[in-house]
Asker: 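Below is one structure. I have some questions about it.
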Amino acid sequence: MTLELRGVSYRYPGYRRRALESVDLRVGEGAIVGLTGRNEAGKSTLCLVASGLAPASIGGELAGDVLVDGESLRVLRTHELAARVGIVFVNPASQLSGITGTVFEEVALGPVNLGLAVAETVARTRAALAAVAIEDLAERAPNRLSGGQTQLVAIASMLAMRPRHLVLDEPVAELDLEGRRLVVEALRALASGGTAMLVAEHDRELLAALDARIVTIADGRIAVPA
Amino acid sequence: MGGAAAAATVIVGLIALGTFDATPEPSGIPAGANSFMLVLAVGLAVGFGAYAAVEWLQTRRLDSIARQFDTRTIVLIPIAIAINVVLGQTVASALKLPVYLDSIGTILVGVLAGPIAGAATGLLSNLAWTFLLAGSPFGSPYAWPFAIVAAEIGLLAGVFGYAGVFRSRTGTTPARLVGGVAVAVLLLGGLAWYGVVPFYRGLCADIAPRPGGTPQGLCFQLFEDGPIDPLFVTLAIGLAAVVVIALVALVLRLARDRDLGVVYVLVAGAACGVVSALIAAPIAALVFGGVTGSGTDLLVAAFQQAGSDLQTAVLQQSLISDPIDKTITYLIVFTLLGAVSRRVAARYPQGERALGTLEA
Amino acid sequence: MATLGALIAGGYGVPLVMLMGLVLPGATIAGLAWRVARVAFLLSLPISISVGLVSVFTRAGETVLFVIGPFDATREGTDFAAQVIVRLFVMAAALTLFGLTTPPRSLIADLERRGVSPRLAFVLGSVVGAIPALVERSRDVQAAQRSRGLDTEGSLGRRLGGVLPLVGPVLIGSLHEVEARTLALEARAFGRPGTRHLLWAPPDSGLERAARWLLLAGLVILAVATR
C-alpha cells in the first residue's frame, strides 16, 4: 500500500502560476509522512493532488503522475478515487454533508455511498466511532457539535470508508489534548495495519508522536526531503 | 455542438412564435396568451427533444446534459433554491413592490452550470417550496403552479450565459459604449413594441373611446383622456420613479466602469421578463384569480377596474412587473458574478464560458 | 401518505368542498385537525384578502351589489373570489396536513427507495438544511452591517437599498462553502453510479398503499369528469 508522486506539477484553474512544481514524494506501506511548511507553501494543494481530487474534481492542469499501489490516479473517476485514498480537510465544519440528521448517519454516509450492505455499513460506522471514542455522539445532530467534536466526526467519517491510503490536512487543529491522543492512537493503529499516510501539519510534536518522516515544502517545491 | 443544439431549441421556439403572430386572435388577448404559452412549451419540448436525440445519435451519450450536473452543481443547486425561497419569501411579502426577486439562485445556476441545470433548479425550487417545505415556516402552498415559469427562467439564463451575456466588458471605448446603448435602446424598444404594447391596446380603447379614429395604441393615453383613476396616477408615478432610479443608477455605472456588459444583461433580463410574463399570467389567472398576495396585486386590481377582464389584467400586470423584476434580478446576478472570484466560478461546468477566460 | 397532498392540490375544481371531507378526517385521525385548520388559515389569509379585494371590486359584472367610491362590488366578482378562496384554502390545508405528517427526511428516503437518483435525493435533502443555514448567515451579515451603520430596517426605500449589500456577502460566502462541501462529498464517494443500501426506510402499510391508489384513481376520474 504505497502512495507515490512522480514529478508532479499542478496549476489551479484560473491561475497562471503553478502551485506545485516537480514534486517527488513516496509514502511506503504503513509509513507516515509529515508535511510541514509555511502557510500558502503548497501543503493543502499537495494533499488535494495526492488524493486525486485535484484535478479530478477541481480541474486545473496536472503534470507528472500520482500512483496508488502503482496505479495512476489520472484515469480514475472521483468515486473510484474515494475508495482508494481518504482525505480529511482543514476545516471540519465544511466537511459535513449537510444532509444527515445524526452523527451516525453522517459517518455512515461514505460506506452507504460505496454501496455496501447495511450490516457492513453499520459495523464500519460503529468501529469508526469507537476508534476516536465518540460513540456517545452517535445520535447528536452533526451541525450542533463543537469544533473539536466536528473534527473527530470528520476523521471517523473517513475511517469508516477504510481507505488503504489516507491524506490528512491539519487533523488536530481544533482538538484538545485528549482528542489529539485519540487521533494519534487511531492513526498509529491504521499505520500498523499497513495504511500509507500523508499528514500536513504545523505541529512538530504531533508528527513526532506519530513517528512521521518529515518533509518540508516551500513555494510548491519539496525543500528538505528526508 | 451543444451551442448549435441550444440555438436549435431557441430557433424552434421562435418559429413556433412566428406562427403564433400570424394567427388572428378572434377572442382577443387571453386566447393569444394561452396559445402562446402552449406554443412556447411545445417549441421548447421539441427543441429539447431534438437536441437530446442529436447528441444521443452522435455520441450515444448525453454528456452535455450530464456534464451540467457535476457534484459542484449538485451542491450549488440546494443553496440556490434556498436563496430563491428565502429572498422570494422576504421580498415578496415584506417590500410590497411589484418585484419578486425569487429567481436569483435559479439564474445563477443557469449561468454557471448551463441551461438544463438552470431549468432543473427552477423546477425543483418551486416544487420544493410547496411540497418539501410544507410543514416549515418557509413553505408556500402556492409556488408549485409556477414551476414551469421558474424552469423557463433557468433555461433562458443558461442560454444567455452560454452566449456570454454575463461577461464583464470593461474598458469599452466611449464610441462603442454609445453605439451599444443605442442598439440596446432599439432592442428594448422593439421588445416593448412587439412584446408588451399590443396587450394594452384594447385597454386604451376602452378607456378613451374616440369616434374620430385617433391613433390609439400607446397606453400612455390612459393618463391623458377619459376618467382617470387616481390609483393609476399614483401607480404611474411609482413605476416611473422605479424606472428613473434604475436608469440613473445604470448610466452612473456605465460611466464609471465603462462596462458594456451591463447593457447586454439589461436587454437579456427584459427579454426574460417578457417571456416569463406571457407564461406566468395565464397560470396566475387560472389558479389564483390573478393575485399572488404581494405588491403586484394592486396592478391587477387597477387594470381590472379599468375594464380588462381577469386574464388580460393579469397579463398587463405581468408585462409590467416581470420585466422590471427580471431586469433587476439579472443586474444583481451580474454584479454578484463580478464580485465572485473567477477562480471559484471557473470550476463550474459553464463558468469559464459564461464569465470569459481569465487574464491574470 | 406522501402523495396525498399532491393529489388533492392537483385536483382543483369548483366542487372542492367535497374534498374537505378527505383532508379534515385525515387530520382528525392524525390528531392535527385544529393545527391544520389554523396553519392553513394563516397561510391563505393574505392571498385571500388580495383575491377578495381584487375580484370583488374590480371584476366586471352585471349585478352591482354596492359601491364604494369608484369601486363597485359585483355579484360575479364575489362569486369568483369565493371560488378562488375556497380553492386556495383547500390547497393550503392539504399541503399543511402533508407537511405536518411527513418529515422531509422520510419523503426523501421514500423517493430514493422508489428509484429517484441519490443526486436528486441529495439536492432535496440539502434544501431542508440550507434554508435555516442561509437565514442564519443573513442574520450574521445583517448584524455585521448594522454595526457598520448600514440600515436594514426602516422605510421601504431603505430596505430595498439594503437588499444588495445583504445578498452579496451571503451569496459569495455560500459559493465558497459549495466549494468545500463539493470536495468533502467527492472524498466520500458521492456520485458513484448504482444503488445504495439506505440504513432505514419509512414505514408503509398496506392500508396506506391502498389509500394512495384510491386517491390517484379519484383524481383521474375527477379530471376526466370536469373536462
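Below, read A as the first sequence line, B as the second, and so on, with proteins coming before strands; counting in each chain starts at 1.
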Asker: Please state whether the side chain, the backbone, both or neither of C/L134 comes within less than 4.5 Å of a heavy atom of chain B.
Answerer: side chain
Asker: Does B/Y348 have any ring-ring contact (aromatic ring centres under 6.0 Å, His included) partners at least two apart in sequence or in another chain, and if so, which?
Answerer: none
Asker: So for C/L185, is it side chain, backbone, both, or neither that comes closer than 4.5 Å to the heavy atoms of chain B?
Answerer: side chain
Asker: Between the side chains of B/S103 and B/N84, is a donor N or O closer than 3.5 angstrom to an acceptor N or O?
Answerer: no
Asker: Chain C heavy atoms under 4.5 Å from B/L108: which part of the residue, side chain, backbone, both or neither?
Answerer: side chain
Asker: Applying side chain to side chain contact (heavy atoms under 4.5 Å, CB included) to B/L124 and C/L120, what does each step give before you reach the verdict?
Answerer: CA-CA 9 Å; B/L124 280 178; C/L120 183 55; 3.6 Å; yes
Asker: Give me the one residue out of B/L76, B/I79, B/I81 that meets side-chain contact (heavy atoms from CB on, under 4.5 Å) with B/V109.
Answerer: B/L76
